[in-house]
Amino acid sequence: MNAPLSLPPPTPFASGGGLARFSSRLGRLNHVFLRQHLKGAREYVRIAGYFRSSIFELVDEDIDGIETVRIVCNSDLDPGDIQAAQIARDELLKERWNAAEDGVDSLLRRPRYKRLYELLKARRPDGSPRVEIRVVSRADAPFLHGKAGVIRQTDGQATAFMGSMNETREGWSSNYEIVWEDSSPEGVSWVEREFEHLWSIGKSLPDAIVEEIGRQARKRQVSVGELPEEEVPAAALVEAPIYRTGQELKPWQRAFIAMVLEHRRIYGGARLLLADEVGVGKTLSLAGAALVTALLDDGPVLILCPATLRNQWQVEMVNTLGIPSGVWLSTEKAWQGPDGNIIKAGGVHDITRCPYRIAIVSTGLIVHDAPEAQALLSTRLGMLILDEAHRARRSRGIGDPDGRPTNLLSFMQRMAERSRHVLLGTATPIQTEVSDLWDLLDVLSRGADHVLGQHASWWRRVGDATALIKGEQRVSDEGQGWGLLRNPLPPGQEDALFDYIRSDLDVGGASFFTSRSVTDLSPMTRDLLGERLDEEVAGLSFFQRHNPVARFVVLRRRKTLEDRKLLPCIAVDIWPAEGSLAHMFDGRAVRTTHEFDEAYRTVEVFTTALKQRKKGTGFMRDLLRQRICSSYAAGIATAEKLLAGRSLVEAAEDDDDARVSAQAEADLQAVVAQERTHLQAILDALRARPADPKFDAVRYFLIEKGWLDEGCIIFSQYYDTARWVGEGLSGELPTEPVAIYAGLGRSGLLFGGEWREVERDQIKMAVKEKRIRLVVATDAACEGLNLQTLGTLINIDLPWNPSRLEQRIGRIKRYGQRRDRVDMLNLVYHGTIDEKIYERLSARMRDRYDILGGLPDVLEDDWIDDIESFEARMREFIERRRKANAIDLKWESTVDPDGPGWEACEKVLARSDVIKRMSQGWTERERPAATQSQKF
């Protein structure tokens, strides 16, 4: 065994240079190598290891007096991530940074964080950073612990070093370290060339990481009771998963949560309809509000949503907000926790005993008036949330314009009276059916007279109120204006006039009604009232700006957010271009075969025969046409189901299928002999030509045009089509994994033709990690699935629902997309109703920065029936949307793009405390007593 060898410290740089070698195997290195050389140095450049540990090593190096310090290090990202858009790259780097954070280390070594922050914020006299750090991909520089660098003195002499070193005195004494020092001009030049190459391809360390280092140096944990209510959201969420992964709640989402708290303070409870456009992130806005009110002990939270969205809600809250919730399983009569564990219940009434603060229940139970609905009506809630709220409406028939409340609307009306806060979420434009909007406002007003006023309120008269809000009528008469203002009386914060009225009449902030006369107002206030009634702002009259819709409906448009640089403007190139690929397309439609044309004509004959036998089959006709227009496979499966008397909606993939009534199902299952002949003819025609030209187009774009290299998601409305195209691609590409992302129990992976069932969360993670680059999805994937690692999208069929198309492109056209433009291929068969609709939509779709942003969410049946008037209807709808409205004006002003984000919050709630609070069941503690303003 070699005896310890004590080596002398390095000698000063010698002219002409030379080599010096250091190895702790041969003896204890009792000095710190770099520190001695860095004293008095002018410049220091270094190729370092992993970026997090390399940055912290700066704390131990004596670089205070050095004019220029440049460090290039490995980021553990692949080249695509490094070259991605800055937002995407910054998010990924922050995620990597926080993944290695140790809560113990950040507290015990707080001085290191403080020192590091000071180094990274230091500036030269010209304002440029004194310490610069760039990161490169793991492919460009797969560093381990080895390091190299150059130190240059003020007199110009330089030395280079290479090796591994833990730059502490303890490291030199205890670790195995090996270093070569080379002060020769050739050695210095060689290292500098290597450094400059890596520096040129590196990307700057994000400011977000620098600020996170500073926040860690200053943060402290507090309890909810120590914070003002408005500071609770930031303290609860700054260390939630969404922030730790480098993302954040967007300004408009923060603004909504702030508005919920403001309404809580002003009215005693928040009553809001969130009608943000598709792709703006309503789920996080609503979930964030639920978390905050639960932390403030306002009581249990009930979230009602379609069954297909229950798990999405639960996963979203865990993955982004880091909070648990319970999902009610109606078949098992049990609760399911976020980790999939089943919490046994004693029966129906245990739906009122959720083991978590937040409960998620399917609206299907309410629609079908299941016993659980009645059980829920015996509870009192802190917050009631209804997703897809447009489903809560009246059932109106011929001769019954007023209609009757559906079970869902009736339940919401009753449950709202027993809830402190009520939030309704919908992406359906409110212009389409005003009476439906008033049904939702009525829900908000139950137990909350400040919304529409007391029973005799003029605002409850839908026709008169909407004429005023639309500007079709004006109010200039003082008496009429007073009648509109006193019931409900708006809060003083909304306008100075309302503050003066309250002061004149001595109406407290918790009251929203007065029976006093307008003559009881002071002369000054009456004069101001007259001025306001005659005043216009942005072409809007006083009551167009001040009304229940403007007060309690929140609507942020995607186009507005893009214009204000709050959402990325990612260009969308739409394929096929007119006249391109003539061997495959006729115009913008896929060339069909004689067999398909015959099958499509027979579908028209079948639906005509059905219509003659049974009235009201228009929707079923459209459904059948859509399915055969999806793919040969879907057309064959549909005809087979009808001939076998099987339901078309079993395991329905989207909500449009669920619109089929039980009577319509019975009509189709009991097809008569002539109709069966038509169905058999459809089957015979499609089976005669199994090669589907849509598949040829998919294969061409994936392989010949290289879309597979960019990553691709293929969408269909129907599982039959999705599974068919997935299996076909797996056969064509046996070494390429093909994911099928669909409804529960139908998702999986195809590899070399072999099928394996896989959970949807596993697919999402594999796509994020780029282990899967080809996904075939039904519209079950339209919401809650982030696929910004993919750069192309193929619509194998065209949904007659423009918002669904927007949701599809929103999977890749989103924050984190590394390309500044993405590609979308739309496939429709030539000579079909799909082609006619696509022709009308395609001109609107050419606006690459606002895909379908100006179109309605649903194309009405009569628009499609009268295809010649389709374009005129479209222009009329879009023109209405162009007009200014009070909702746009009000909510645009609440979104501050330059305002402080929550990522800088230094007072934080312990994550364990947040989770503990959210894991308390509905019955574990009593709700606080209701205040005078909480009428429920």
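In what follows, every heavy atom counts, from backbone to side chain, and hydrogens, waters and symmetry copies are set aside. Everything quoted here is computed from the prediction, not taken from an experiment.
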Give a yes or no answer on whether the side chain of [X] reaches the backbone of [Y] with a donor-acceptor pair at less than 3.5 Å.
X      : Y      : result
Lys250 : Glu248 : yes
Glu239 : Val908 : no
Arg414 : Leu409 : no
Trp335 : Ile342 : no
Arg264 : His421 : no
Arg310 : Ile360 : no
Arg393 : Asp439 : no
Glu231 : Pro228 : no
Gln626 : Gln717 : no
Arg446 : Met415 : no

Please examine the side chains of [Y] and [X], heavy atoms only from C-beta on, and report whether any two atoms are closer than 4.5 Å.
X      : Y      : value
Val348 : Lys333 : yes
Arg357 : Leu291 : no
Trp458 : Asp464 : yes
Trp313 : Leu286 : yes
Val260 : Val292 : no
Leu376 : Trp328 : no
Thr320 : Thr283 : no
Leu249 : Ile257 : yes

Distance check, rounded to the nearest 0.5 Å: [X] atom [atom1] versus [Y] atom [atom2]?
X      : Y      : atom1 : atom2 : result
His390 : Thr426 : NE2   : OG1   : 5.0 Å
Glu262 : Leu272 : CD    : CG    : 10.0 Å
Arg917 : Leu295 : CZ    : CG    : 6.5 Å
Ile242 : Trp902 : CD1   : CH2   : 10.0 Å
Arg760 : Met765 : CZ    : CE    : 15.5 Å
Leu274 : Leu423 : CG    : CG    : 8.0 Å

_Carboxylate-amine/guanidinium proximity below 4.0 Å for Asp276 and Arg556_ =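 Salt bridge flag = yes for Arg556 with Asp276.
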*With the threshold set at 4.0 Å, does a side-chain nitrogen-carboxylate oxygen contact exist between Arg551 and Glu494?*
yes
*Might you work through the side chain to side chain contact (heavy atoms under 4.5 Å, CB included) test for Ile303 and Met317, ending with a clear yes or no?*
CA-CA 12 Å; Ile303 298 172; Met317 284 191 285; 4.1 Å; yes
Can you give me the closest heavy-atom contact between [X] and [Y], atom names plus distance?
X      : Y      : answer
Ile469 : Trp438 : CD1-CH2, 3.6 Å
Ser362 : Pro306 : OG-C, 4.4 Å
Phe552 : Arg271 : CD2-O, 3.2 Å
Ala550 : Asn547 : N-OD1, 2.8 Å
Glu757 : Ser747 : CG-O, 3.5 Å
Leu452 : Trp459 : O-CB, 3.8 Å

*asked:* Go through it in stages, so that I can follow the logic: the residues are Arg265 and Gln493, the test is side chain to side chain contact (heavy atoms under 4.5 Å, CB included), and I'd like the CA-CA distance, side-chain angles, deciding distance and then a yes or no.
replied: CA-CA 12 Å; Arg265 175 177 56 82; Gln493 297 91 330; 3.7 Å; yes
*asked:* Applying side chain to side chain contact (heavy atoms under 4.5 Å, CB included) to Phe256 and Lys282, what does each step give before you reach the verdict?
replied: CA-CA 10 Å; Phe256 178 76; Lys282 290 184 298 299; over 6 Å; no
*Indicate the ring-plane relationship of Tyr267 and His450, choosing parallel, tilted or perpendicular according to the 30° and 60° boundaries.*
parallel
*Please step through side chain to side chain contact (heavy atoms under 4.5 Å, CB included) for the pair Gln374 and Asp369, ending with a clear verdict.*
CA-CA 8 Å; Gln374 295 303 312; Asp369 197 23; 3.4 Å; yes
